[in-house]
Amino acid sequence: MKLYTKIAIGFLLGAAFGVGSNMLDLGWGLAVVDFVSPFGSGWIRLIRMIVVPLVVASLIVGAASLGDLRTLGRVGGKTVAFYILTTSVAVSIGLVLSNVMRPGRGLDSTAQAALTAEFGGDAAGRVALAQEAPGIVDVILNMIPDNPIGAAANGDMLPLILFSILFGVAASLIKDETRRKTVVGFFEGVNDISMTMIHWVMLLAPYAVFALIASVTAQFGWNILQSLLFYTGTVILGLALHALVTYGFILKFLARVNPVVFFKKIREVQILGFSTSSSSATLPVSMRTAEEGLGVSKRISSFVLPLGATVNMDGTALYQGVAVMFIAQVFGIDLSIGQQLTVVLTATLASVGAAGVPGAGIITLTLVLIQAGVPETGIALILGVDRILDMIRTAVNLTGDLTATVFVARTEGEELRADVTGREPSTGSVAATA
């Protein structure tokens, strides 16, 4: 039985057990959920343990293998442009759906009061965190690490990514070939060791996914879902449209690959992203899938994917667009076209700085609400279903990361696997490595 099939079974069993425990109010069921929940959390910690060495090693090797600054600039420019443009499209889809479906009009005053009473305290805490967030200038300055080791220890991915790229470029410029190969070879070894460790950790995935999903669904109140069903449905519809239509168009007509085969190849990544709600935790599996399943060369995947895990948050941006409109509609605020365009810009920029960890989107949402002039305390209305939507939008974020990787690889002349591109296999080589 393939690994993703085992993971899917673990996911379904966990969901059924968690929902059953919640709806039937089984005391023993909730006790079992509390018992297994630390197992899922420990598994995520095992993956995150490997993320920093993997990101550093892969980016250094990727930047060094690109050869020169011109190639690095070209690949980097394509990657950043892709992420920014698709994020803008995602927010726009969310706003259009919200204007058409108007999910905020379906929330009655009783449900609004109940949600505010239950989640008001948590909402105030999130607002306080958002108000402490640094400004644009500070964000840019914080990308330059005072101490790369400190950035690694604190899990600050943007400064770590910048340092790793610069280190890799500098390594590629060493004139002494022996020394250059020694440095790059060391980090290639670190990368290979990290992937081996991930293989070990992934053997536990089906059981860990069961624990994670059972815990989430057991805490997920059915009454809350009923109150926010229209809002939840609008977000999910938008995410599905973005994943299937936006990415499908890019894959079919720009990257020239078979979208159906592509989505089959990345099932394991999507399930893990859904289960962990973390792009960073799923990064090692994304890299393995890109290289082994899709045939993308290591020089492209090791550059595009770590960057995407930090700055590409299409699903988060779309959710923020719907959430802003939902809260505005609940409070009877009509946002003008100009204000909605501001939401597009703010959500795009805010999502770039969102960390690839669970719950980061709700913090950046507060910034978008403040900018749009919508009461930020309104996030209390949506906190009850935020975790389940966080899981779905993480899967979309990861789909975007892999779509960008395939797109950049194809524009760089790589062939990918024969089954992905829809051509007959003719040679043993499936990916360009130059």
Side-chain angles (χ1 to χ4, degrees), residues 81-107 225 227-254 259 263 270 311-352 354 361-362 364-376 378-379 381-382 385-386 388-401 403-404 407:
F82 181 97
Y83 289 148
I84 291 177
L85 288 174
T86 54
T87 300
S88 300
V89 171
V91 185
S92 301
I93 290 174
L95 292 176
V96 170
L97 282 178
S98 299
N99 280 294
V100 173
M101 301 180 68
R102 301 186 69 79
R105 301 301 187 190
L107 188 68
L225 178 60
S227 300
L228 299 174
L229 188 60
F230 205 27
Y231 161 73
T232 305
T234 304
V235 175
I236 293 175
L237 176 60
L239 293 172
L241 286 173
H242 189 60
L244 298 176
V245 178
T246 305
Y247 294 149
F249 177 87
I250 293 171
L251 291 166
K252 178 69 174 178
F253 298 103
L254 300 182
F263 283 112
Q270 291 175 320
V311 304
N312 180 46
M313 299 291 164
D314 287 6
T316 301
L318 187 148
Y319 141 83
Q320 289 173 351
V322 176
V324 169
M325 293 297 293
F326 171 78
I327 295 171
Q329 289 165 7
V330 168
F331 284 103
I333 300 172
D334 290 324
L335 296 181
S336 65
I337 296 297
Q339 288 174 306
Q340 292 187 37
L341 291 176
T342 301
V343 170
V344 173
L345 177 61
T346 309
T348 300
L349 295 176
S351 66
V352 169
I362 204 73
T364 58
L365 170 61
T366 307
L367 300 176
V368 179
L369 288 170
I370 293 172
Q371 190 66 33
V374 178
E376 59 269 22
I379 64 172
L381 303 176
I382 61 174
V385 293
D386 179 68
I388 191 69
L389 293 179
D390 193 13
M391 297 162 75
I392 300 173
R393 62 185 184 250
T394 299
V396 173
N397 292 340
L398 292 164
T399 303
D401 294 345
T403 301
F407 168 78

Show the nearest heavy-atom pair for residues [X] and [Y], with the distance to one decimal.
| X | Y | value |
| --- | --- | --- |
| V91 | A317 | CG2-CB, 3.4 Å |
| L95 | G321 | CD2-O, 3.6 Å |
| L381 | L228 | O-CD1, 3.1 Å |
| P103 | T234 | CB-OG1, 3.7 Å |
| V343 | A372 | CG2-CB, 3.9 Å |
| I327 | P375 | CG2-O, 4.0 Å |

Side-chain contact test, heavy atoms from C-beta onward, threshold under 4.5 Å: evaluate it for [X] versus [Y] and give yes or no.
| X | Y | value |
| --- | --- | --- |
| I93 | T246 | yes |
| T86 | T403 | no |
| H242 | L239 | no |
| I370 | T346 | no |
| I236 | L389 | yes |

Between atom [atom1] of [X] and atom [atom2] of [Y], what is the distance when rounded to the nearest 0.5 Å?
| X | Y | atom1 | atom2 | value |
| --- | --- | --- | --- | --- |
| T316 | D390 | OG1 | CG | 6.5 Å |
| Y231 | I382 | OH | CD1 | 3.5 Å |
| R102 | F230 | CZ | CZ | 10.5 Å |
| T394 | M313 | OG1 | CE | 8.0 Å |
| Y83 | D401 | OH | CG | 4.5 Å |
| Q339 | M325 | CD | CE | 9.5 Å |

task = Take V89 and L85 through the side-chain contact (heavy atoms from CB on, under 4.5 Å) test and state the conclusion after the steps.
result = CA-CA 6 Å; V89 171; L85 288 174; 5.6 Å; no

request  = Would you tell me whether Q340 and N99 have side-chain atoms, one donor and one acceptor, within less than 3.5 Å of each other?
outcome  = yes

query = Are a donor atom and an acceptor atom from the side chains of Y319 and D386 found within less than 3.5 Å of each other?
reply = yes

Donor-acceptor contact present, side-chain N397 to main-chain G315, <3.5 Å = yes

ask   = Is there a donor-acceptor pair under 3.5 Å between the side chain of R105 and the backbone N or O of Q329?
value = yes

inquiry  = Using side-chain contact (heavy atoms from CB on, under 4.5 Å), reason through V368 and T342 one step at a time and then give a plain yes or no.
reply    = CA-CA 9 Å; V368 179; T342 301; over 6 Å; no

ask   = Given V235 and L97, is the side-chain contact (heavy atoms from CB on, under 4.5 Å) satisfied, shown in steps?
value = CA-CA 9 Å; V235 175; L97 282 178; over 6 Å; no

query = Would the number of heavy atoms belonging to other residues, nucleotides or ligands and lying under 6.0 Å from CD of Q371 be above 12?
reply = no

inquiry  = Quick one, F407 with L251, criterion side-chain contact (heavy atoms from CB on, under 4.5 Å). Give me CA distance, side-chain angles, the key distance, then yes/no.
reply    = CA-CA 7 Å; F407 168 78; L251 291 166; over 6 Å; no

ask   = Partners of F263 by ring pair (Phe, Tyr, Trp, His ring centres under 6.0 Å), sequence neighbours excluded?
value = none

